[in-house]
Amino acid sequence: MLDIRLIREHTDQVIARLASRGGEAHLRIHDILECDKERRSAETRLQHLQSDRKRMSKEIGMRKAKGEDTSAVEAEVRALGDEVSHLNEASAKLEERQRDLLLHLPNLPHEGCPIGADAEANPELRTWGERPAFGFTPKSHVDLGESLGLFDFERAAKISGSAFVCFTGAGARLERALLNFLLDLHTRENGYTEMGVPFVVRPEALVGTSQLPKFEEQLYRCDRDELYLAPTAEVPVTNLHREEIIALEQLPIRYAAYTPCFRREAGSAGLGTRGLIRMHQFDKIELVKITTPEESARELEALTADAERVLQILGLHYRTIELCTGDIGFGATRTYDIEVWAPGQNGYLEVSSCSSFGDFQARRMNLRYKDGEGKNRFCHTINGSGTALPRLMVALLETFQQADGSVLLPAALQPYFGSDRIG
RNA sequence: GGUGAGGUGGCUGAGUGGUCGAAAGCAGCGCUUUGCUAAAGCGCCGUACUCCAAAAGGGUACCGGGGGUUCGAAUCCCCCCCUCACCGCCA
């Protein structure tokens, strides 16, 4: 959520930066300012009336204590009370409208965020490793999975519908090995605290991290209980500290958490295709940081490096790109995507999206810290996948497949999997 | 799911329908005293919004959340949420 004062005082810059996203968000600024103006004027009038009422009521109290008759004043205040409640209602409505407008407004892209219309304009920042060469035509993970018995899409569809998977035998073990490997890496070597969080969350939490109110159709909802299935661990983990004021010494907070992620993927391209690349449910390790404005840029770089390290240790070729203003997510102010090479797809797959949100989420969830001068300020929040599991598995299987159809696992994974190869 | 107890400022903890944004203590900040430490004394010490060009300074709201009664609610009434305890059910 953007600060209404920022919008009020730097209107032109806000409009310009929102416009750089494309879309129509910047066109709503005018309405928001109008609403703000109306709201403040209503509030001021209301406060004057309340002040009068308060003063007169006190007077009634004092005069009653002296045994004087107060019926005339009481009638006067009663009339005032009606006016107060009307104005109060009007002012509350305006405030709600303003909040709703602000909640639908995306974050401002960071000054350093490259300007561009769409994904085509995302600059590549760096690559690591090289595309593996094969003496044969590399297979897709779908074919490898079939011949090695790693997963079963048909039976998953039988129980849950399309775009779900059932990991079987060695596939299930590989999934579990990856989870443990990733959590151990981030907690033992990269300095994150492991968290095990609920997978089902209240709407407020989703408003906090900005999946709601705008992206409701992407979420699985449990109507009876007003709960949603978490689309990413970002939601439960970042919201752990909502409504809190954190002591400066406790920052930065760094969490790593495993959760399954549930996404309806309404309208997504590629949902119908077979394979592990886009599913309604998938496992992910998420890295979340809560920090100060001063440290947030550095912490984003460090978090991105922590995610990249996963691919380096596994020996997987990848590239890191930065999302341009036209492609960056709703709440993000700056985003790096890490894309791993998948030979069977002959293309890169996004396995991690590392973003800084500035104080955008913190404002929504009222997450603050006490600075050196004892002032309460909004925190900055950062998160990124470290990493998504199915696509990592795709890259592993496709990269390390052998001519005989088996898959040789990287050394770091072998103790977790309990063997050096599949098949 | 049932019953009971409770939710007050950073913490502990008072609070009569009226002058309560809220006693007191602790913690924190500043000053004084002291050779230093300790101690004592005095003062300051919530958040959000809003008015004023800004500062200074006003104002309003907030005692878990939302409604209601009243001229006036932390205090009375209703609904909800949360915490704790016990019971039931259950992995």
Side-chain angles (χ1 to χ4, degrees), chain A residues 1-11 32-103 196-208 212 222-228 236 239-251 253 260 290 359 362-379:
Chain A
M1 194 162 68
L2 297 185
D3 183 2
I4 185 65
R5 287 204 193 90
L6 180 78
I7 297 175
R8 219 186 276 153
E9 287 160 25
H10 301 280
T11 310
I32 290 173
L33 284 174
E34 191 100 325
C35 180
D36 175 53
K37 203 168 158 188
E38 250 184 89
R39 187 203 102 234
R40 282 188 295 152
S41 128
E43 248 170 62
T44 303
R45 272 180 291 148
L46 171 66
Q47 289 178 3
H48 285 316
L49 289 180
Q50 283 175 321
S51 173
D52 290 346
R53 181 177 69 175
K54 204 171 170 181
R55 188 166 32 75
M56 288 161 88
S57 288
K58 271 186 187 173
E59 202 185 309
I60 290 170
M62 285 189 279
R63 283 166 61 173
K64 277 199 164 166
K66 287 189 222 157
E68 296 175 14
D69 173 60
T70 54
S71 49
V73 200
E74 277 179 39
E76 202 180 330
V77 182
R78 195 174 303 136
L80 217 132
D82 290 344
E83 212 175 330
V84 166
S85 54
H86 283 133
L87 253 177
N88 201 359
E89 216 170 289
S91 148
K93 268 196 188 122
L94 284 164
E95 196 177 326
E96 199 186 316
R97 172 148 186 271
Q98 178 174 315
R99 181 169 166 81
D100 191 60
L101 284 167
L102 286 174
L103 284 177
V197 293
F199 304 155
V200 181
V201 297
R202 301 178 147 202
E204 303 92 89
L206 289 153
V207 170
L212 285 181
C222 315
D223 275 325
R224 290 171 67 105
D225 301 295
E226 274 192 272
L227 291 168
Y228 293 80
N239 277 284
L240 285 172
H241 295 284
R242 62 180 292 114
E243 304 282 344
E244 288 185 20
I245 299 174
I246 299 169
L248 186 59
E249 310 81 70
Q250 288 173 2
L251 298 177
I253 291 171
I290 297 172
D359 64 10
R363 279 182 193 284
R364 288 172 164 248
M365 62 177 82
N366 202 20
L367 165 59
R368 294 172 295 173
Y369 72 99
K370 215 166 258 299
D371 72 8
E373 275 140 27
K375 283 240 179 269
N376 298 333
R377 297 169 71 196
F378 287 108
C379 297

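So that the names make sense, note that chain A is the first sequence line, chain B the second, and so on, each numbered from 1. Source: prediction; values computed, not measured.
Atom CE of A:M56 is separated from atom P of B:U19 by 17 Å (rounded to the nearest Å). The interatomic distance linking A:M62 (CE) with B:G17 (C1') rounds to 16 Å, in whole Å. Rounded to whole Å, atom P of B:G10 lies 15 Å from atom CD1 of A:I246. Separating the CZ atom of A:F378 from the C1' atom of B:U47 is a distance of 11 Å, rounded to the nearest angstrom. A:N376 places its CG atom 13 Å from the C1' atom of B:C45, with the value rounded to the nearest Å. In this structure, the CD atom of A:E74 is 12 Å from the P atom of B:U70, given to the nearest Å. Distance, A:D82 CG to B:G68 P: 12 Å, rounded to whole Å. Following rounding to the nearest Å, A:I60 (CD1) and B:A73 (P) show an atom-to-atom distance of 12 Å.
Look at B:U3: its Watson-Crick or wobble partner, with both distances under 3.5 angstrom, is B:A85. Summarising the base pairing, B:A22 is matched to no nucleotide, lacking a Watson-Crick or G-U wobble pair whose two defining distances lie under 3.5 Å. When both pairing distances are held under 3.5 Å, B:A38 makes no Watson-Crick or G-U pair with any nucleotide shown. Across all strands shown, B:G43 forms a Watson-Crick or G-U wobble pair with B:C29, both key distances being under 3.5 Å. Across all strands shown, the partner of B:U60 is B:A48, judged by Watson-Crick or G-U wobble contacts whose two distances both fall under 3.5 Å. Under the Watson-Crick and G-U wobble criteria, each requiring two contacts below 3.5 Å, nucleotide B:G9 is left unpaired. Under the Watson-Crick or G-U wobble criterion, with both distances below 3.5 Å, B:A91 has no partner in any strand shown. Look at B:U69: it lacks any Watson-Crick or wobble partner with both distances under 3.5 angstrom.
Nucleotides B:G58 and B:A22 place their P atoms 14 Å apart, quoted to the nearest Å. The gap from the C1' atom of B:G15 to that of B:G7 amounts to 16 Å, rounded to the nearest Å. For B:C42 and B:G25, the P atoms lie 10 Å apart once the distance is rounded to whole Å. With C1' as the reference atom, B:G10 and B:G2 are 37 Å apart, rounded to whole Å. Comparing the same atom, C1', in B:G67 and in B:A14 gives a spacing of 28 Å after rounding to whole Å. A gap of 25 Å separates the P atoms of B:A23 and B:C77, to the nearest Å. Distance check on atom C1': B:G9 versus B:C51 gives 26 Å, rounded to whole Å. When the P atom is used for both B:G21 and B:U16, the distance is 16 Å, rounded to whole Å.
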Review point. Tell me, for nucleotides 49-63 of chain B in 5' to 3' order, what letter each nucleotide earns: B for a base near a protein heavy atom under 4.0 Å, S for only sugar-phosphate near one, - for neither?
Key: BSS-------BSS--
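Between A:R368 and B:A48 there is a side-chain N or O to OP1 or OP2 distance below 4.0 Å.
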Review point. A:R40 and A:D36: salt bridge (charged side-chain N to carboxylate O under 4.0 Å, His left out), yes or no, with the steps?
Key: CA-CA 6 Å; A:R40 282 188 295 152; A:D36 175 53; 3.5 Å; yes
Practice item. List the steps and the verdict of salt bridge (charged side-chain N to carboxylate O under 4.0 Å, His left out) for A:R55 and A:E59. Key: CA-CA 6 Å; A:R55 188 166 32 75; A:E59 202 185 309; 5.2 Å; no
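Within the 3.5 Å criterion, the main-chain N or O of A:K37 finds no donor-acceptor partner in the side chain of A:S41. The backbone N or O of A:A205 lies less than 3.5 Å from a partner atom in the side chain of A:N239, making a donor-acceptor pair. A distance-only check finds no donor-acceptor pair linking the side chain of A:R377 to the backbone of A:D371 [under 3.5 Å]. Between the side chain of A:T11 and the main chain of A:R8, a donor-acceptor pair closer than 3.5 Å is present.
Counting non-hydrogen atoms of neighbouring residues, nucleotides and ligands closer than 6.0 angstrom, the CD atom of A:E243 exceeds 12 such neighbours.
In this structure the side chain of A:E204 reaches within 4.5 angstrom of the side chain of A:R242, judged on heavy atoms.
Toward the 5′ end of RNA chain B lies the nearest nucleotide of A:S57, the other residue of the pair A:S57 and A:V77 mapping further downstream.
Considering all non-hydrogen atoms of both residues, A:Y369 and A:I245 come closest at C-CG2, 4.1 Å.
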When you compare the protein's N or O atoms with those of nucleotides 80-83 of chain B, which come within less than 3.5 Å of each other, and at what distance?
unit_1	atom_1	unit_2	atom_2	d
B:C81	O3'	A:R202	NH2	3.3
B:C82	OP1	A:R202	NH2	3.0

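Using a 4.0 Å cut-off between a side-chain N of Lys or Arg and a carboxylate O of Asp or Glu, A:E43 and A:R39 qualify as a salt bridge.
Separating the CZ atom in A:R368 from the CD1 atom in A:I290 is a distance of 14.0 Å, to the nearest 0.5 Å.
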